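Here's the structure, in structure tokens; my notes come after.
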Amino acid sequence: MKPSSDTIAAIATAAGRGGIGVIRLSGALSEHIATKLCDHLPAPRLAQFTYFRDHQGKHIDQGLILYFPAPNSFTGESVIEIHGHGGRVVLDQILARVIELGARLAQPGEFTQRAFLNDKIDLTQAEAIADLIDASSQKAVRAAVRSLEGEFSNKIKQLLQQLIELRMYVESAIDFPEEEIDFLSEGNVAEKTQALSNQVEDLIASATQGKLLREGINVVIAGKPNAGKSSLLNALTGNQIAIVTDIPGTTRDVLRETVSIDGLPVNIIDTAGLRISDDPVEQEGVRRAQLQIENADCVLNIIDVTQQQSVESELVKQKSTRIINVYNKIDISGQQAIVEQDNSQTSIYLSAKTGAGVDLLQNELKQIVGYDSNTEGIFIARRRHLDALAKTQANINNGLNILTQTGAGELLADDLLQAQKNLNEITGEFTSDDLLGQIFSNFCIGK
């Protein structure tokens with residue numbers, strides 16, 4: 001994929017009414033457009049007050065203009081930033097004038113894509129920009145900043161350098177087949193390969209934490225009517241999100257809310273009560289509840305501790321392996337807030353009404369996904385990063401096993417080469433155009 005020769009433009013600030021709005025341009029026509037829009041080209045990297053004019057020379061707005069000449073800009077191309085008033089109409093007028101002068105509307109993420117294609121940033125840093133914008137907690141922000149600053153990339157590059165050096169050594173041994181086994185043994189190739197595998201394992205652990213910070217977990221609240229599902233949703237969010245009454249079947253649709261538990265984003269989904277009903281609306285609610293259960297990372301099976309468990313709660317057990325039985329209403333039964341472990345089964349006794357035991361549930365949610373609240377040094381990561389690291393480790397381990405069993409250095413070299421390609425996919429040095437298109441299409445327009 002090569003950068004387009006077009007000059008692109010977009011409103012970079014969020015839609016709506018605000019004090020300031022920003023329009024960005026990038027490309028070869030940026031200087032020409034700025035000169036026509038303002039009657040002059042401002043000095044590089046110096047904010048200058050000016051008037052923005054239409055084709056008749058009439059003032060559209062007034063504000064600041066900044067000029068970043070290529071290659072010393074975010075995209076590596078000549079970039080103009082126009083800072084005007086934040087009304088949607090006035091920004092649209094300025095943007096229309098910019099397009100009239102030769103620019104075109106940018107695609108989502110196209111500015112960042114050009115920065116990547118012009119070697120201003122690598123792919124992990126590009127993704128970190130989007131993750132920083134979307135971060136839902138302070139810890140996620142810090143992790144995204146570390147990735148943006150290149151911490152993740154540097155770890156990958158260091159690992160790549162060691163892997164390449166080892167592969168070159170192994171391949172040089174292949175040139176001397178009569179001495180290959182001794183050569184490989186003297187070079188401690190097996191030990192170095194194992195060390196590489198250990199480093200990848202450490203990276204996977206850090207990336208897993210980073211993925212949790214970015215994506216969080218999906219938790220479904222399910223159970224029979226009037227067990228206290230909506231009350232628990234309100235207790236976890238700290239807001240009266242759901243209507244709570246003594247009437248069964250109040251919740252008919254799916255309610256969603258995201259909360260942060262010690263920096264971990266938890267996407268909570270409250271569902272309709274699971275029971276057999278002749279009401280078509282309630283039947284649809286139960287169907288949607290079952291669909292959410294099937295796709296959940298964890299299901300909270302809410303049980304009224306003052307009532308006998310009915311067959312409806314068994315529907316939950318048939319759909320998910322990660323289940324926490326939450327025995328609610330201990331404020332009525334007089335029981336203590338505790339966590340019970342019975343083999344692989346977890347039960348928590350709490351009161352959604354008073355909040356007793358809710359902290360136990362929050363801690364359990366962190367534990368079941370292996371979340372470590374000490375995120376210092378953790379970088380933001382995505383599922384594709386974990387997939388590439390897992391493939392890398394599998395390649396290295398496979399090569400090590402073959403070397404140990406047969407002493408075949410050429411097969412180890414092949415596995416190390418494939419591991420190298422998998423690592424390069426993370427930073428974008430070896431990446432398909434389809435993957436790049438998918439990544440940047442999820443960015444904001446103007447970013």
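For the numbers below, each heavy atom of this structure counts, side chains included, while hydrogens, waters and symmetry mates do not. Everything quoted here is computed from the prediction, not taken from an experiment.
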For [range], which residue pairs pass the salt bridge (Lys or Arg N to Asp or Glu O under 4.0 Å) check, not counting sequence neighbours?
| range | answer |
| --- | --- |
| residues 49-74 | Asp39-Arg53 |
| residues 351-360 | none |
| residues 199-215 | Asp131-Arg214, Lys211-Glu215, Glu215-Arg383 |

For the residue pair [X] and [Y], what are the closest heavy atoms and their distance?
| X | Y | answer |
| --- | --- | --- |
| Ile23 | Leu95 | CD1-N, 3.7 Å |
| Ile368 | Arg322 | O-NH2, 3.6 Å |
| Asn422 | Ala388 | O-CB, 3.6 Å |
| Leu365 | Val369 | O-CG2, 3.5 Å |
| Gly216 | Leu264 | CA-CD1, 4.2 Å |
| Asp270 | Ser230 | OD2-OG, 3.0 Å |

Contact between [X] and [Y] at the side-chain level, heavy atoms closer than 4.5 Å - yes or no?
| X | Y | result |
| --- | --- | --- |
| Val299 | Ile324 | no |
| Thr7 | His32 | no |
| Lys421 | Glu425 | no |
| Tyr371 | Val266 | no |
| Arg384 | Leu123 | yes |
| Val259 | Ile268 | yes |
| Ile204 | Leu386 | yes |
| Ile396 | Val200 | yes |

In terms of side-chain heavy atoms, does [X] have a donor or acceptor partner in [Y] at a distance below 3.5 Å?
| X | Y | value |
| --- | --- | --- |
| Ser78 | Glu31 | yes |
| Glu165 | Gln161 | yes |
| Gln158 | Asn154 | no |
| Gln107 | Gln113 | no |
| Ser137 | Ser260 | no |

Working to the nearest 0.5 Å, report the span between [atom1] of [X] and [atom2] of [Y].
| X | Y | atom1 | atom2 | result |
| --- | --- | --- | --- | --- |
| Leu41 | Ser30 | CG | OG | 10.0 Å |
| Leu400 | Leu196 | CG | CG | 10.0 Å |
| Thr112 | Glu127 | OG1 | CD | 11.0 Å |
| Leu66 | Gln48 | CG | CD | 9.5 Å |
| Thr13 | Ile20 | OG1 | CD1 | 9.5 Å |
| Leu37 | Ile80 | CG | CD1 | 9.5 Å |

Quick one, Ile82 with Leu25, criterion side-chain contact (heavy atoms from CB on, under 4.5 Å). Give me CA distance, side-chain angles, the key distance, then yes/no. CA-CA 8 Å; Ile82 300 165; Leu25 292 82; 3.7 Å; yes
Does a salt bridge link Glu110 with Arg114, judged by any charged N lying under 4.0 Å from a carboxylate O?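 Yes, charged N to carboxylate O under 4.0 Å.
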Donor-acceptor contact present, side-chain Gln62 to main-chain Thr50, <3.5 Å: no
Tell me if a side-chain donor or acceptor on Asp122 pairs with a main-chain N or O of Thr124 at a distance below 3.5 Å.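 Yes, Asp122 side chain to Thr124 backbone: donor-acceptor pair under 3.5 Å.
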Considering the options Asn401, Asn398, Thr392, Asn397, which one meets the side chain to side chain donor-acceptor pair (under 3.5 Å) requirement together with Asp415? Asn398
Count the heavy atoms of every other residue, nucleotide or ligand shown that sit under 6.0 Å from [atom1] of [X], and state whether that count exceeds 12.
| X | atom1 | value |
| --- | --- | --- |
| Lys36 | NZ | no |
| Gln138 | CD | no |
| Lys366 | NZ | yes |

Please, which pairs that meet side-chain hydrogen bond (donor to acceptor under 3.5 Å, both in side chains) have at least one residue in residues 139-150, sequence neighbours excluded?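 Of all non-adjacent pairs touching residues 139-150, those that pass side-chain hydrogen bond (donor to acceptor under 3.5 Å, both in side chains) are Lys139-Asp262.
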Would you list the pairs meeting ring-ring contact (aromatic ring centres under 6.0 Å, His included) in which at least one residue belongs to residues 384-405, sequence neighbours left out? Phe152-His385
Once ring-ring contact (aromatic ring centres under 6.0 Å, His included) is applied, do any residues pair with His55, and if so which ones, sequence neighbours excluded? none
Stepwise, does the side chain to side chain donor-acceptor pair (under 3.5 Å) test hold for Asp414 with Gln418? CA-CA 6 Å; Asp414 287 341; Gln418 188 57 51; over 6 Å; no
Is there a side-chain contact (heavy atoms from CB on, under 4.5 Å) between Val170 and Leu403 once you walk through the steps? CA-CA 11 Å; Val170 172; Leu403 178 68; over 6 Å; no
Hey, mind stepping through Val339 and Gln367 against side-chain contact (heavy atoms from CB on, under 4.5 Å) and telling me if it holds? CA-CA 13 Å; Val339 178; Gln367 291 178 19; over 6 Å; no
For Asn267 and Asp297: C-alpha separation, side-chain torsions, deciding distance, then whether side-chain contact (heavy atoms from CB on, under 4.5 Å) applies. CA-CA 10 Å; Asn267 308 310; Asp297 295 312; over 6 Å; no
Do we get Arg97 above Phe52's six-membered ring, with its NZ or CZ under 6.0 Å from the centre and within 45° of the axis?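 Ring-cation test returns no.
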